[in-house]
Each structure stands twice: as C-alpha cells, then as structure tokens.
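Chain identifiers are assigned alphabetically (A, B, ...) following the order of the sequence lines, protein sequences preceding nucleic acid strands; residue numbering begins at 1 within each chain.
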Amino acid sequence: MPYAVKLEQFEGPLDLLLHLIRKNEMDIYHIPIAEITAQYLATIDAMQSLNLDVAGEFLLMAATLLHLKSRLLLPQAEEETGEEEEEDPRAELVRRLLEYQKYKEAAGQLDARLVLGRDVFSRRFPSPELAALEEDEFQSVGIYELVEVLRDMLSNLPKDSYHEVTVEQLSVTERINQIMSSLAGREQLPFADLFSARPNRAELIVTFLAMLELVKLRMVRLLQNTRFGTIWLFPAVAGEALENLELDEDHLGYA
Amino acid sequence: MPDLKPIIEALIFVSEAPVTLAQIAEVLDEEKNRVLPLLRQLSEEYAAAGRGILLEQVAGGYQFRTRPEYAEWVRRLSRNKPFRFSRAALETLAIIAYRQPIIRAEIEYLRGVDSGGVLKTLLDKRLVRILGKKDVPGRPMIYGTSKEFLEFFGLKDLAGLPTLKELNELVPEASSVEEGSP
Amino acid sequence: MPDLKPIIEALIFVSEAPVTLAQIAEVLDEEKNRVLPLLRQLSEEYAAAGRGILLEQVAGGYQFRTRPEYAEWVRRLSRNKPFRFSRAALETLAIIAYRQPIIRAEIEYLRGVDSGGVLKTLLDKRLVRILGKKDVPGRPMIYGTSKEFLEFFGLKDLAGLPTLKELNELVPEASSVEEGSP
C-alpha cells in the first residue's frame with residue numbers, strides 16, 4: 001500500500017487533500033490534479049478495504065477531483081465560449097483549501113491556550129460566604145403578600161368546611177397569646193407552623209387577624225427569604241418583654 | 001474611607017464568574033477610574049513570584065485563576081485527567097469564533113464535512129449559542145460563541161482572538177499544534 | 001524541587017471543601033510536618049493587613065474565606081447578581097414561549113405541577129405578560145412572552161426561536177432514535 005497514513009486522523013476531505021499536497025510538496029496554486037486524484041482515490045480505497053465507513057463527503061470530493069481532471073484534459077479553446085477568460089477550474093478548490101488551513105491553524109491556537117479546567121482552574125462553585133448569605137437574605141413581606149397567602153389557603157380548602165360549625169372558637173387575643181408563646185425562646189418560626197394540618201376557615205381567619213395585629217403592634221416581623229418562599233416569624237422584641245404583655249381584647253376591636 | 005483594594009480582592013474571590021469593572025465600581029459606589037488602578041495593582045501583586053494564583057482578565061471581567069504551572073498538582077487533588085478537545089470541536093469553534101454570526105451550511109462548506117453533531121455538542125457545553133435565525137429562505141439558525149467560550153479559553157473579549165493569518169501558502173504540518181499560546 | 005507554598009495556595013484556592021493537611025501532603029508527596037509550617041506561613045501572610053481574604057481552618061481542613069468585615073460588600077455584590085433562572089422558571093418560560101397564547105392550567109398540565117408562583121416571578125421580571133382573558137368559563141388569563149423576553153434572549157422576533165425539530169436536525173441519528181421510541 002503506497003500511502004501509509006492513519007485514515008481516522010483526517011477530519012474530512014479537505015484535511016486529507018491538504019495532507020497529500022504537503023506530503024508531496026506540491027504547489028498549491030498548481031496542483032497536479034491527475035496525481036492528487038490518484039493518491040486521494042487510493043487513500044479512500046484503503047479506507048474501504050479496512051472496512052472504515054467512508055463518509056459521503058470523501059466520495060463527493062473524489063467526484064469533484066475526477067470532474068476537475070476531466071475539465072483540465074479538455075482543450076482550453078473549446079471551453080472558452082464566454083467573453084471573459086475562464087478561471088482556472090482548480091481555483092475554487094485552492095481557495096477552500098487555504099481557507100480550511102487557516103481555521104485548522106486557528107483551532108490549533110485555541111487548543112494551545114490556557115484552557116479553564118485543563119491548564120488553569122478557578123473557583124467554579126458558589127463561595128460559602130455567598131451561600132450563607134442567600135439563605136438569610138430575607139425580603140420584607142408586605143400586607144399584600146399576606147393576603148395572597150390567605151386567599152391561596154382559603155381556595156385550597158375543601159368546600160364542605162365552609163359550613164362546618166367550629167366548637168372551639170378561638171378569639172383573636174387568645175390566638176395572639178398562643179403565637180407569642182410558641183415564639184418565645186425561639187429565633188424564628190415558619191409561618192405555616194401556626195396552623196394545624198387541616199385548618200378550618202375560622203382558624204385561618206383568626207390566625208391571620210392575630211398576625212396582622214402583631215405586625216401592626218411591631219411585636220413580630222414577617223420575613224421571607226425568597227418571593228413565594230417560606231414566610232418566617234421573628235420576635236421583634238426581647239423575649240422577656242413578651243411574657244408580661246397584657247392585651248386588651250376590646251381595645252383590639254376584634255371581639 | 002475604607003481601604004478598597006482588599007474589598008476588591010474579596011469581591012473577585014467570592015464570584016464564580018468573572019466580575020466586571022462596572023460591577024465592582026457599583027458595589028463600591030466609586031468611579032471606575034478609581035477602581036481600575038487598584039485592579040492593576042492587585043493583578044501585579046499576584047503576578048509577583050511566589051504566588052499560586054493569578055488575577056486574570058477574562059470574558060470582560062476579572063477572575064482569580066491558578067498558575068498554569070501548577071495544573072498537574074491541582075488535577076492530582078481533584079483526581080481529574082486533563083480533558084482533550086476533539087479536532088472537530090476545535091475546528092468548528094474556531095470557524096464560529098472568527099466568522100460569527102454564521103449558519104451551519106457555511107461551517108460545513110468551510111470544514112468540508114457534516115457538522116451537526118459537533119455543533120450540538122458545542123451547544124450542550126454552552127461554548128456556542130444560537131443568536132437567532134437568518135432572514136433567508138428556510139430561516140436557518142445563526143450561531144455565535146458564548147461568554148463561556150471566552151472564559152474557557154481565557155480570552156478578554158473576541159477582539160482578543162489572535163488575528164487569522166492570511167495564509168497564501170501551505171504551512172508545515174506540525175505548526176498548527178505548536179503555534180504560540182498567550 | 002519546586003516551591004511548595006504557591007502550590008499549596010493554588011490547591012486550597014480551587015477546592016470547594018476545606019482541604020486537609022493529609023490531602024495536601026499526599027498531593028505533594030511530602031511529609032505532613034514539612035507542609036504544616038508552610039500552611040502557617042501562608043495563613044500569616046493572608047492575615048497581614050491589606051488583604052481581603054483569610055486562610056482559615058474549618059472542619060478539619062483549610063479554606064480561604066473573605067474577611068468578615070467585608071461581608072456587607074460581598075452581600076452587595078450578590079444582590080446585584082443578575083437574575084438566575086430556576087429550573088421551574090425556565091420550564092415555564094419555555095412552555096409559554098413555544099405554546100403562547102396559553103393559560104395557566106395548560107402550563108400546569110404540561111409541567112405536572114402548580115406553576116402559579118413561578119408564573120408570578122416571570123410576570124414580575126416582565127419576561128411574561130398577560131395577553132387577555134380567555135372566553136371560557138372562569139375567564140382564565142392568557143399568557144405570552146414580552147418584549148423584554150425578546151431583548152433578554154437577544155431575539156428579533158418570536159420566529160427567531162429555534163424549534164425543537166431544528167435542534168433535532170443537528171444530529172439526524174439522535175432525532176430518529178427519539179422519534180422511534182414510544
């Protein structure tokens with residue numbers, strides 16, 4: 001076999017042609033088409049004899065080369081029918097080869113750069129500082145969000161609970177006291193923990209009114225870490241002060 | 001007035017992606033031209049001998065990176081083998097980088113082979129992105145390189161790509177591999 | 001014999017988790033008692049004034065951390081961070097982009113989960129807008145993408161969105177496999 005080349009190493013027909021031209025030290029502007037076609041076809045034959053799947057592009061180029069060869073064999077005068085002088089039939093191929101070589105070169109230059117993750121390394125992970133921040137970076141929740149939560153929860157209630165008669169009706173004041181005692185000694189409390197697993201309408205409303213009151217009195221702060229995330233309750237005053245708090249139900253106006 | 005240089009150092013350190021001059025200036029509430037000389041100073045300090053990290057300008061921002069001569073040790077710690085690009089990927093990337101915006105048919109004309117698979121890989125790796133569709137029949141997709149491409153290859157911006165050599169003759173076979181790195 | 005201190009610096013720098021003395025010694029193939037004084041030196045150098053980062057011992061290992069007094073600046077940087085898409089946001093945005101005009105129930109049918117929250121986020125970010133109300137019982141709102149959506153993704157118009165079919169065409173073998181599967 002005349003052309004001892006590793007066939008898989010060629011990216012495509014242009015790559016193979018460039019290799020053959022270089023190897024034979026041919027002048028790229030005057031490629032001996034007959035010669036290169038022979039070598040090209042021999043290489044493809046070798047590929048096929050090794051049962052390598054020769055891509056369609058290689059065969060297409062073979063056809064192009066054969067076509068070029070036949071055109072170059074034709075007497076020039078007969079082909080010159082137009083007024084302009086005919087371009088060398090090889091010109092387009094030469095342009096493509098030089099262009100391809102340019103990008104092949106550029107590809108090599110890219111590969112020679114200091115590639116991230118191969119030659120140089122950066123901190124491609126969130127810093128612990130930022131991770132910690134994102135957890136306790138709360139946005140203040142407005143009344144609007146509260147009401148929205150209420151509406152959502154109400155709409156999720158089963159219909160029949162509308163008519164349920166609650167035996168133990170909690171007053172807003174009792175609820176306020178309950179909330180404050182579950183908050184006592186804690187730094188924060190998820191809002192959802194204030195409710196039983198299947199709260200009825202009355203419980204929801206009383207709890208919300210209690211919450212609104214506590215916010216108004218600036219006794220608790222409601223904060224949320226992300227929009228639509230968990231709502232957290234924070235005691236706004238020191239723990240001891242909470243226990244001595246007296247609430248006048250009439251004053252609140254919910255009785 | 002706090003000392004700004006260590007704050008800048010902390011800001012760049014803590015970011016996953018390169019931090020731009022504008023971001024730093026905004027956080028510090030300072031003029032860019034007051035921040036820039038400090039960035040340069042930091043960069044020089046890190047470049048001095050005896051340090052394992054460099055402050056580099058990549059993808060329009062600043063990022064700390066390990067010194068290339070220590071790559072082997074870093075890989076040992078993470079037990080990673082150095083990865084290799086396929087030639088198809090590199091060629092396609094080079095063509096897109098220099099010729100963008102570009103459509104698939106143009107890439108394939110330049111490479112002489114079908115490039116759908118390699119394009120898909122480059123899109124998956126986020127090195128290439130779809131810029132839109134071309135206003136020609138068939139509305140083919142237009143491709144370009146991403147910010148990740150710049151980050152990956154340590155380029156400040158696209159202008160930082162070495163100019164394409166106008167090659168009027170053949171270059172010797174090996175040169176494309178040995179040709180200089182920055 | 002290479003200078004070990006900068007290598008140690010690089011190793012700790014690139015690690016997400018704290019690096020132990022044992023790990024460093026193993027990578028460097030050195031005795032621990034040769035590495036330890038270098039770690040102490042590094043730590044002292046970083047502790048010196050004018051630095052924004054500290055080398056700290058945490059969870060049995062070594063880790064670089066920003067100086068606590070710069071926490072506020074770091075927080076400011078993270079606040080200015082560009083909006084990050086969650087998986088849910090992207091899914092929802094994709095469904096709206098490709099299936100608009102669409103109502104919430106259709107989005108939820110496609111995603112299989114409640115999408116009210118993520119829809120609201122997208123409305124807040126102005127990537128999605130309300131096109132009107134559908135003439136069916138309940139008059140649900142109809143959603144579509146906004147001008148900001150196009151700007152964000154650098155699209156001239158909605159026709160510039162690549163179709164799934166077009167992406168599949170990049171790799172003909174892969175798409176035919178998908179088509180064949182149930």
Side-chain angles (χ1 to χ4, degrees), chain A residues 8-19 21-29 31 55-58 60-61 64 92-131 133, chain B residues 10 13-18 54 56 58 63-68 70-71 74-75 78 80 82-85 87-95 97-99 108-114 151-155 161-162 164-173 175-182:
Chain A
E8 317 88 272
Q9 77 188 38
F10 298 107
E11 272 307 309
L14 294 172
D15 201 19
L16 173 56
L17 275 179
L18 269 184
H19 169 82
I21 293 168
R22 273 205 206 94
K23 187 170 149 269
N24 296 290
E25 295 179 345
M26 292 167 175
D27 176 359
I28 190 153
Y29 292 100
I31 305 171
E57 294 99 348
F58 282 97
L60 188 66
M61 180 59 77
T64 308
E92 197 204 335
L93 183 61
V94 171
R95 266 198 305 271
R96 280 187 75 183
L97 284 170
L98 286 173
E99 190 81 350
Y100 174 70
Q101 178 180 243
K102 206 160 74 177
Y103 292 109
K104 203 183 150 186
E105 185 96 342
Q109 288 189 2
L110 275 183
D111 199 26
R113 295 191 69 84
L114 297 171
V115 174
L116 189 63
R118 184 184 71 182
D119 311 304
V120 294
F121 302 85
S122 69
R123 291 166 59 88
R124 292 181 76 82
F125 47 86
S127 272
E129 291 92 337
L130 283 183
L133 280 177
Chain B
F13 171 82
V14 91
S15 295
E16 266 173 277
L54 293 171
E56 306 263 30
V58 280
Q63 189 174 50
F64 285 118
R65 296 185 163 198
T66 56
R67 266 188 196 266
Y70 302 141
V74 173
R75 278 197 293 266
S78 60
N80 281 336
F83 59 83
R84 286 192 66 171
F85 286 107
R87 276 188 47 202
L90 283 170
E91 273 182 24
T92 309
L93 260 181
I95 288 171
Y98 283 97
R99 298 285 290 256
E108 292 180 339
Y109 178 77
L110 287 168
R111 291 192 61 220
V113 287
D114 180 278
E151 226 186 303
F152 207 72
F153 288 97
L155 291 160
L161 279 171
L164 268 187
K165 278 192 215 138
E166 277 314 320
L167 303 164
N168 292 316
E169 50 193 277
L170 293 187
V171 258
E173 191 96 355
S175 77
S176 61
V177 184
E178 283 161 12
E179 205 57 38
S181 67

Side-chain touch [X]/[Y], heavy atoms, less than 4.5 angstrom:
{"X": "A:Y103", "Y": "B:E91", "result": "no"}
{"X": "B:L161", "Y": "A:L110", "result": "yes"}
{"X": "B:R87", "Y": "A:K104", "result": "yes"}

Relative to chain B, which of A:V94, A:L14, A:L60 shows the most heavy atom pairs under 4.5 Å?
A:L14

Hey, what do you get for CG (A:L116) to CD (B:E151), rounding to the nearest 0.5 Å?
6.0 Å

Roughly how far, to the nearest 0.5 Å, is CD of A:Q109 from CZ of B:F153?
12.0 Å

Leading residue by heavy atom contact count with chain A [cutoff under 4.5 Å; candidates B:R67, B:R84, B:R99, B:E108]
B:R99

Sort B:E56 into side chain, backbone, both or neither according to what part of it lies under 4.5 angstrom from a heavy atom of chain A.
neither

Given that the side chain runs from C-beta out, which part of B:F64 has a heavy atom under 4.5 Å from chain A: side chain, backbone, both or neither?
backbone

Evaluate B:Y109 against A:R96 for side chain to side chain contact (heavy atoms under 4.5 Å, CB included), listing each step before the verdict.
CA-CA 8 Å; B:Y109 178 77; A:R96 280 187 75 183; 3.2 Å; yes

Assess whether side chain to side chain contact (heavy atoms under 4.5 Å, CB included) is satisfied between A:Y100 and B:L110, documenting all intermediate values.
CA-CA 6 Å; A:Y100 174 70; B:L110 287 168; over 6 Å; no

Could you check A:R113 against B:L155 for side chain to side chain contact (heavy atoms under 4.5 Å, CB included), going step by step and ending with a plain yes or no?
CA-CA 9 Å; A:R113 295 191 69 84; B:L155 291 160; 3.3 Å; yes

Is chain B contacted by the side chain of A:D27, its backbone, both, or neither, given a heavy-atom distance below 4.5 Å?
neither

Residues A:V115, B:F85; criterion side chain to side chain contact (heavy atoms under 4.5 Å, CB included); working and verdict:
CA-CA 10 Å; A:V115 174; B:F85 286 107; 4.1 Å; yes

Do you know the tightest heavy-atom contact between [X] and [Y]?
{"X": "B:D114", "Y": "A:E57", "result": "N-OE2, 2.6 Å"}
{"X": "B:Q63", "Y": "A:S122", "result": "NE2-OG, 3.6 Å"}
{"X": "A:P13", "Y": "B:V113", "result": "CD-CG1, 3.7 Å"}
{"X": "A:F121", "Y": "B:R75", "result": "CZ-CG, 3.8 Å"}

